[in-house]
Structure formats: C-alpha cells, structure tokens
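All values below were derived from every heavy atom in this structure, side-chain atoms included, with hydrogens, water molecules and symmetry-related copies excluded. Here is how names work: the chains are called A, B, and so on, in the same order as the sequence lines, proteins then strands, and each is numbered from 1. Predicted model only: the values in this text are computed from it and were never measured.
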Amino acid sequence: MRFQEGRLNLQPDLIDMTFIQNIQSAAIKSLKEIFDEDFTEKDFQVNETKPEFTGDYTIVLFALVKTLKLSPEKLGATLGEYLVKNYSDFFSGFNVIKGFLNLEIAGKQLTGLLNEHYASEAFAKNTSGPHKKIMVEYSSPNTNKPLHLGHLRNNFIGWSVAEILKADGNEVIKSSIVNDRGIHICKSMIAWEMFANGATPESTDQKGDHLVGEYYVQFNNEYKREVEGLINDGLSKEEAEKEAPIMLKTQQMLLDWEQSKPEVIDLWKKMNSWVYKGFDETYKRIGCDFDHTYYESNTYLLGKDIVQEGLEKNILFKKDDGSIWIDLSEEKLGEKLLLRADGTSVYMTQDIGLAKQKFEEYHLDKSIYVIGDEQLHHMKVLKEILKKLGFPFADELFHLSYGMVELTTGKMKSREGTVVDADDIVNEMIETAAKHTEELGKVKDFTEDELKELYEILGLGAMKFYLLRVDPKKRMIFNPEESIDFHGFTGPFVQYTYARIQSILRKIKAEGNDINAAETLDSNELLPLERELIISLEKYNNAIQDAAKEMTPAIIANYVYHLAKLFNSFYSEHSVANAESQEKKQLRVRLSIMTANVIKSALQLLGIKVPDRM
RNA sequence: GGCCCCGUAGCUCAGUUGGAUAGAGCAACAGCCUUCUAAGCUGUGGGUCACACGUUCGAGUCGUGUCGGGGUCACCA
C-alpha cells in the first residue's frame, strides 16, 4: 500500500509500506534520534490496540526497556511525544498504559487512504512482488472413483493458495497429476467386465466417474466374498487374499496393460474417458482449473535413469537380488526401495523423475504439492532422496499437507462406499441455498437463469468458505446430518454484506448522485466505526502477505469475515444515504465502495463469487 | 514400539515472531424491521487453553515429561 507522497513526512523509503511497517520504521528512526540506539523491527512488537483501550496501534515497550534502561512509562511518554511531534500527519495522539504505547492514527491519514484506494479493485495486491515462479500441484485424482468431500478440500485449498500466491506477486502454474494406471484402476475394469453387462454412462444415465466408482466398490465386495469362501475352504487369510480369483485376474490385467495388450488398453481408455468427462463437469462446476495436467500413464517410467545415475555415483546401492535402494538411516528414515529386482519402478521413483521434470520444464523457483497429511512421510523421504542425489531444487519442494475430512460417523472409505460424494454435497448446498432464498422472498423478480446463478453462487460460497476457513493442516470433522450453515461465520454472510452495499449504491445512484465524484475528502473527524473500518481495510494487505507466507486461505476467510462483520455493525449504526452531512455521505459512500471491493477481491481469492442482490 | 501432527466454551473453529481482562460462529436466552436488504444488529450466560513441571518482567503460544486422539514407518499409489 502506498501513502500519498507529500501528505506524509516520512522518508521516501518509508512510503511503500503498510501502517504497521510505517509505525515500526518511524519508531526505529525516532529511537535512533532520541537515544542513539539501533533497533530492528524484530526488537519490538507493533500490535493492534485492544478494543478496551484508546488508540489504533500499540508499541509493546518491554523489550526496549532493558537496552535503554528506562522505565516503560518514561520510554512510552518520550517516544509517544516524539512520534506525534515529528510525524504529525500520521499520528494524532498517544497514551501510555503500563508497558504499552497506544498510538492514534490521524484522521487525515485514514481519509487519504480512502481517497486514493477506494475505487481500486486490485487494492493490496502485490504487483512489484517477489515474482517467483511457483507450481502448485493439487487435486490429483484417481480414475477409479468419483471425487468426495476430502477431494473438495484439496481442490479448494490448492486453487485458493495458487490465487493467493498470485496476489502476492508470484507467477503460478496450477497442475494436477492424474492417477490413471495401476492395480486400483484394473480393479474397476475387472469388475466392470464381470458385472456391468456393457453398461455405459449413456445407457445408465450416470456420470462416468460415478459409474466406474460403482464397479470399484463392487470389486471389493466380490473380493471379500471370495476371500471368505476360500477361508471357509480351509485356506489361511493371507493365502485366501492372494488366491482369490478376482485378484489374480486383476493382476493379470495389470501385466497385460503394461504390455499394451490392445483389448485391455481399449477398455482402459474407454473407462478413463468416462471418468474424465465426469471430472471435467465437476471441476467446471466448482471452478477448478489447471494450467497443466500430468498423467501417470505417461510419467510412471520417469526417474529410472536418475536411479541408474545415482547407482553409478554410489549414492544408491544394489542388493543381491538386483533391487536398488537408498540408505537414509542417517536421517532416521531407514532404507527405501527405488527399483525392484525385475527393474520395474515404484511410486517414489516416478516422483523423483516428475519433480525434476517440473523444475526443468517450467524453470520453477518452488514446487508445492497439495497432498493429504498421510503422505507426510513419503514427501519427507522424497525430499531427502532428491537432496542426496544432489538436486539443488530439493530445498524448494514444499508439501502443503492438509488434514483429512472425517465424518461424525467415522472415516470416509471409497472402498466401502462410506463417502460424502462431491457432486451430491454440492447439489445439496445449492438446493439449500434455493430453499433459504425462496423463504426470504427478496428476489422474486429474478428470472429462472438469474435464480439458478444465484443459487450456485450461494451454495458454492457456503461450501467453499466452510472448507477453507479452517487451517489446512488441521483435520476437520463434518456432520452430514447437519447441513452447512448460511448464517454467522459463513460465505453467505460475507456475500450478504456485499449485496447490501450494492443495494446502498443503487439507491444513491437512483437519487441522481455521482458516487465517483472526484473531490478529495479531508476530514479529520471520523466516528469510531468509520476509523475501525478504514483500519480494517488497510489490513487486507497484511492478510494477503500472511496467507501467502503460511499458504493458508483460512487467513483470508477470517479476515474477510471480520471486515464484513464490522461493516454490518457500521451499517446498523450509521446511514450512508441519509448521512448527517454531504461530506459524511461522500465519505461513507467511499467507505462502502472500498469495503465491497475488498470483499469481492478477498472472496475471489477463495474462489467465491459475489451476488449484487440476494 | 520409533518418528510426526493434534488437544482452546456443549459443538465447529480463531488466537500473528511470547504481551494488556483468551475471541468468533452454532446451539440457549433477551431485545431491535414505518428509516440504505433482519442471510443482519445489540446484549446475557457459557473456559482449570488436556495435565504437571520448567524458561521469564510476562506462557494458550517456547522446553521437558505424562495422559488422550490421529497419521505413518509397503517391492500400494
């Protein structure tokens, strides 16, 4: 955020910063001038002032007291006076309570911020930023079953983190690796051959991913049945699991696939295409997109040459049976197999190859993997192997791990069919949105299409906000019995605030006012809620930076909720259209426009759209 | 068993590099629509921040230990 030059008598290098950064800089400079002591921003804290005290920002003095050998009260008074005197355009007052120096930001500074930024839709987005090239891999589905609630969390987090990193000034490539081969894919194929009688998405009027998923479940039912039968015939559990005919058939199919047997490849292509079509529909609906899609069927042989090289350099070693390993016992990660005795590769081998390919293809500075936390160990090992193999990019791999979504009734398991299906839950949310909207009856003049669009905006808004407001790394519990709320700390709450602001602006325009009148406001007298709102708007910048640094959309969700909440208080307390004076009206119009812009922008980072009416 | 993560109000979650009397929403209760949309606003009740010790001016936050929950330690992906 920029302060207007000339308005603020800070040094030129202090201009391009947030309020907090400005306060830190001003304090450091003042301390140097008063006491001739050098401090950095890490030596003391600048916080927001707690509501029960007067002031906007607070400098915590305790840490400075030791060095300066002054009482906190004396230091606070000295520094406060100096700051207000020398930065009079920025600070209008101060008070000291115990070790806390509370500072008030000058009203002029706040109205100045409004004047400059209220109409900017790109407010707080970083355009001069680090410009790092970052790949965010997310979603990465299996083609043997439809997406469920856990995948939605992954998709929303991945998409949103990518957008947040863009807003923080980086170039971002969204990618996905489709897990389209392997024994699990063959399971659905075998079951389809055995039980489907040629059923297709068209013949059953079903989404392709759902159809294929059904046969994956059916495989497991049949497998279980066969194993039980064999155990009854006297086989041990292990033997039965190995000998079950359906499993033997599946393993044969995997071999046939690897040898490109035409009828297997044809079936594989056919069933995969059904799934892709289904996925595309879901992705489109939930607003996910990818700049590049990798397919495991193309990448599963990657990494073999790297392993050979590693062997030649003695970084890896060969066991008597010919299998190739890496020794990570120094890192307390044990030994890890990289190539089987028969020369075929494992999951890790491919990940090594793909990591390298990504960095080389895109010249990345950083590669982020949005993957569930059950793979923390795998990703740790991957990173360590790459490091040992001498790849400099190893340090730039980042596993953005997120916790499982669990149900109140227990874990979701695709194999057992105990999942909350992604399409189902999205449909439910949209239906709920429709129900609420109809009950309230505020948009009776909407056309069918307008209503449909509104329901999608609200239903998906509720859904996305619900999954994104929680810190990704924490696992979360979902109660399928209770539908996701539309009141309180929710997407629709924030969307509602936006819609109400649009309503205000419509009214003011309808009265013949120009809401973009060019005159500059110079009011120094702001009411408490007006002050709080501007200060809250200013913090959007911090929210983006923090969210990008921590890679968590939850920071944006919390920020925008608090902003909306604050605006709602302001809304019920003060009138915009019937403000006490023309000047107040102008101020509040700008405040409303800027709030709406920031809400729209922040929700956009979460993949949530805003309605003009609801 | 080894390693990793988590434990904050009845429930779901915030709580910035340690800072002032730990905050929201839901649920409960009480108010507020003749005034820009009540999907809203205002208020009340609700806490041994799992437990113990330690570090220090100060600990929900850092350290050690204990208890409880989860994950992982595949020639699966």
Side-chain angles (χ1 to χ4, degrees), chain A residues 41-42 45 47-50 52-53 58 60-63 65-66 72 97-100 102 140 142 179 181-185 296 300 321 323 325 332-334 336-342 344-348 350-351 372-378 380-381 401 403-404 406 408 411 433 436-437 439-440 442-443 458 462 466 469-471 473-479 482 485-497 499-508 511 542 546 549-550 554-555 557-558 561-562 564-565 568-579 588 592 613-614:
Chain A
E41 55 277 4
K42 282 181 182 161
Q45 289 178 41
N47 300 332
E48 292 158 56
T49 304
K50 301 249 170 193
E52 55 267 33
F53 301 97
T58 297
V60 185
L61 301 165
F62 297 107
V65 167
K66 268 187 199 164
I97 296 169
K98 293 195 278 182
F100 302 93
N102 300 320
S140 302
N142 292 338
N179 205 316
R181 65 162 286 278
I183 192 83
H184 56 296
I185 306 297
E296 249 196 68
Y300 80 108
D321 65 358
S323 56
W325 299 70
K332 291 183 181 161
L333 295 169
K336 176 73 197 172
L337 174 93
L338 296 178
L339 275 183
R340 297 187 184 101
D342 64 5
T344 56
S345 53
V346 293
Y347 183 43
M348 184 62 81
Q350 161 188 252
D351 263 358
D373 58 9
E374 77 275 10
Q375 292 201 40
L376 274 161
H377 182 258
H378 173 83
K380 198 174 166 190
V381 172
S401 80
M404 296 289 105
E406 283 176 32
T408 37
K411 279 187 195 163
H436 283 303
T437 307
E439 278 170 6
L440 291 167
K442 293 177 184 177
V443 288
L458 296 177
Y466 179 83
R469 62 178 226 196
V470 181
D471 187 335
K473 69 170 182 276
K474 293 198 175 177
R475 62 201 173 97
M476 57 188 294
I477 295 161
F478 176 74
N479 187 348
E482 300 168 13
D485 222 313
F486 281 62
H487 302 269
F489 183 19
T490 67
F493 174 97
V494 183
Q495 290 170 318
Y496 178 68
T497 308
R500 281 215 298 203
I501 294 174
Q502 298 314 308
S503 179
I504 296 172
L505 298 177
R506 277 193 299 272
K507 181 180 174 174
I508 287 174
E511 288 168 353
N542 284 68
D546 290 351
K549 195 173 141 226
E550 305 291 327
I555 290 178
N558 277 283
Y561 168 71
H562 286 294
K565 176 97 183 142
N568 285 336
S569 298
F570 163 80
Y571 176 94
S572 63
E573 199 74 24
H574 308 294
S575 176
V576 178
N578 299 312
R588 289 181 189 164
S592 303
R613 287 176 57 194
M614 64 187 273

Let me spell it out: for each of A/M476 and A/L505, pick the nucleotide of RNA chain B with the closest heavy atom. Which residue's pick is nearer the 5' end? A/M476

Pairwise side-chain contact, A/F62 with A/Q45, heavy-atom cut-off 4.5 Å (strictly under): no

Quick one: label A/N542 by what it contacts on the DNA or RNA (base, sugar-phosphate, nothing), any heavy atom closer than 4.0 Å. nothing

is_close_aromatic(A/F53, A/F100), centroid dist under 6.0 Å: no

Can you tell me how far C1' in B/C62 sits from the matching atom in B/C29, rounded to whole Å? 41 Å

Roughly how many Å is it from NE2 in A/H562 to C1' in B/G23, rounded to a whole number? 8 Å

I'd like the C1' distance from B/G58 over to B/U21, given in whole Å. 15 Å

Calculate the interatomic distance between A/K565 atom NZ and B/G43 atom P; express it in whole Å. 9 Å

Spacing of the C1' atoms in B/C26 and B/C73 (rounded, Å): 39 Å

Once each nucleotide of nucleotides 1-10 of chain B is scored for protein heavy atoms under 4.0 Å, what B/S/- sequence comes out, 5' to 3'? -----SS---

Stacking between A/F62 and the base of B/G19 (centre distance under 5.5 Å, interplanar angle under 30°)? yes

Roughly, in whole Å, what's the span from CG in A/D485 to C1' in B/U12? 10 Å

How would you label the contact of A/S401 with the nucleic acid (heavy atoms, under 4.0 Å): base, sugar-phosphate, or nothing? nothing

Secondary structure of RNA chain B per the Watson-Crick/G-U criterion (both distances under 3.5 Å; [ ] crossing, | other strand, . unpaired) is (((((((..((((.....[...)))).(((((.......))))).....(((((..]....))))))))))))....

Sugar-phosphate, base or nothing in reach of A/M614, heavy atoms under 4.0 Å: base

Look at the side chain of A/E52 and decide which nucleotide, out of B/U21, B/C36, B/C75, has an atom nearest to it. B/U21

Using a cut-off of 4.0 Å on non-hydrogen atoms, how would the nucleic acid contact of A/E296 be classed: base, sugar-phosphate, or nothing? sugar-phosphate

A/V576 near the nucleic acid: base, sugar-phosphate alone, or nothing, with a heavy-atom cut-off under 4.0 Å? base

B/C33 glycosidic torsion: syn (within 90° of 0) vs anti: syn

Pick base, sugar-phosphate or nothing for A/S569, based on heavy-atom distances below 4.0 Å to the nucleic acid. sugar-phosphate

Quick one: do the A/N47 and A/T58 side chains pair a donor with an acceptor below 3.5 Å? no

Using the C1' atom as the reference point in each nucleotide, state the distance between B/U8 and B/G25 in Å, no decimals. 15 Å

Please give the distance between the C1' atoms of B/G47 and B/U42 as a whole number of Å. 24 Å

Side-chain heavy atoms of A/D373 within contact of A/K473, under 4.5 Å: no

Tell me if a side-chain donor or acceptor on A/T437 pairs with a main-chain N or O of A/A433 at a distance below 3.5 Å. yes

Closest of B/U35, B/C76, B/U21 to the A/N578 side chain is B/U35

According to the interplanar angle, ranging from 0 to 90°, do the rings of A/H487 and A/H436 count as parallel (below 30°), tilted (30 to 60°) or perpendicular (above 60°)? perpendicular

Assign A/Q45 to base, sugar-phosphate, or nothing according to its heavy-atom contacts below 4.0 angstrom with the strands shown. base

Using a heavy-atom cut-off of 4.0 Å across all strands, would you classify A/N102 as base, sugar-phosphate, or nothing? base

A/R613 has an atom CZ; how far is it from atom P of B/A38, in whole Å? 14 Å

Euclidean distance, atom OH of residue A/Y496 to atom C1' of B/A38 [Å, nearest integer]: 6 Å

Can you tell me how far P of B/A74 sits from NZ of A/K336, to the nearest Å? 7 Å

Mind checking if A/F493 touches a base, just sugar-phosphate, or nothing, with heavy atoms under 4.0 Å? sugar-phosphate

Rounded to the Å, how far apart are A/F570 CZ and B/C36 P? 15 Å

Do the side chains of A/R506 and A/R613 get nearer than 4.5 Å, heavy atoms only? yes

Taking B/G65 as the reference, what is the distance to B/G23 when you measure between their P atoms (whole Å, please)? 32 Å

A/R340 side-chain N/O to A/S345 backbone N/O, donor-acceptor pair under 3.5 Å: yes

Is the shortest side-chain heavy-atom distance between A/Y466 and A/F478 below 4.5 Å? yes

Return the nearest nucleotide to the side chain of A/R469; candidates are B/U12, B/U16, B/C41. B/U12

Could you tell me whether the side chain of A/H377 reaches within less than 4.5 Å of the side chain of A/V381, counting heavy atoms only? yes

Describe the nucleic acid contact of A/K42 in one word from base, sugar-phosphate, nothing, applying a heavy-atom distance below 4.0 Å. nothing

Considering every strand and a 4.0 Å limit on heavy-atom distances, what is the contact class for A/S592: base, sugar-phosphate, or nothing? nothing

Across the strands shown, which category fits A/F53 at heavy-atom distances under 4.0 angstrom: base, sugar-phosphate, nothing? base

If you assign each of A/I508 and A/W325 to its closest nucleotide in RNA chain B, which residue comes earlier from the 5' end? A/I508

Got a donor-acceptor contact below 3.5 angstrom from the A/R588 side chain to the A/A577 backbone? no

Rounded distance in Å - CD1 (A/I477) to P (B/G70): 11 Å

Looking at A/Y571, I'd like to know if the NZ or CZ of A/R500 sits under 6.0 Å from its six-membered ring centre while staying within 45 degrees of the ring's axis. yes

